[in-house]
Amino acid sequence: KNPLPLAELLAATGYPADAAEVRRFYATSKYLAGFLLLRQPKEKWPVFFARAAAGADATAALLETYGWPGLAGLEKDFLAFAR
């Protein structure tokens, strides 16, 4: 497994040009959703999803909704889950 850095994933406004990177993009997205749904309070998912769908910055919405003080802490927890 070689997930994309979350900063890169959350800042994406389109799909990568390379087919291998598209697979990596989707795999990281799948693991991030799984991490949020399986290891974090379930009631926070619809709050985060609604904020992101409404156009909020994905990184800010994620950090604020789930309470991580920064992306480094989230990335550490996520990578432990993804391994």
Side-chain angles (χ1 to χ4, degrees):
K1 296 174 194 169
N2 183 22
L4 283 175
L6 292 182
E8 187 177 329
L9 176 72
L10 295 167
T13 58
Y15 296 106
D18 179 70
E21 287 299 301
V22 170
R23 287 189 295 277
R24 190 172 169 217
F25 177 90
Y26 273 110
T28 305
S29 299
K30 177 181 82 171
Y31 278 104
L32 180 59
F35 170 68
L36 296 174
L37 290 166
L38 297 172
R39 298 286 170 90
Q40 302 304 312
K42 289 186 184 353
E43 67 274 4
K44 292 187 178 192
W45 174 261
V47 176
F48 162 65
F49 195 83
R51 290 181 70 187
D57 175 76
T59 301
L62 187 59
L63 295 177
E64 292 165 10
T65 301
Y66 287 93
W68 279 285
L71 202 51
L74 166 59
E75 187 107 34
K76 180 182 175 193
D77 293 347
F78 169 70
L79 290 174
F81 171 81
R83 292 198 170 114

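Quick caveat, the model's predicted, so the values are computed rather than measured.
In this structure, CD on E21 lies 8.0 Å from CG on N2, to the nearest 0.5 angstrom. A distance of 9.5 Å separates CG in L79 from CZ in F35, rounded to the nearest 0.5 Å. With values rounded to the nearest 0.5 angstrom, L63 atom CG is found 9.5 Å from F48 atom CZ.
Nearest heavy-atom pair, L9 versus S29, reported as atom, atom and distance to 0.1 Å: CD1-OG, 3.3 Å. Residues P16 and V22 approach most closely at O-CG2, 3.2 Å, considering heavy atoms. In terms of heavy-atom proximity, A12 sits nearest to F25 at CB-CE1, 3.8 Å. Pairing each heavy atom of P3 with each of R24, the nearest pair is O-NH2, 3.2 Å. Closest of all the heavy-atom pairs between T28 and L4 is OG1-N, 2.8 Å. Considering all non-hydrogen atoms of both residues, E75 and A7 come closest at OE1-N, 4.3 Å.
Transitive grouping of hydrophobic side chains (ILVMFWY, heavy atoms separated by less than 4.5 Å) keeps L32 and V47 in distinct clusters.
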Would K44 and L36 satisfy side chain to side chain contact (heavy atoms under 4.5 Å, CB included), going step by step from the backbone distance to the final call? CA-CA 9 Å; K44 292 187 178 192; L36 296 174; over 6 Å; no
Between K76 and W68, is a side chain to side chain contact (heavy atoms under 4.5 Å, CB included) present by the stated rule, with each step listed? CA-CA 11 Å; K76 180 182 175 193; W68 279 285; over 6 Å; no
Where do D57 and L10 land on the side chain to side chain contact (heavy atoms under 4.5 Å, CB included) test, with the steps shown first? CA-CA 8 Å; D57 175 76; L10 295 167; over 6 Å; no
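Counting heavy atoms of neighbouring residues, nucleotides and ligands inside a 6.0 Å radius, atom CZ of F81 exceeds 12 of them.
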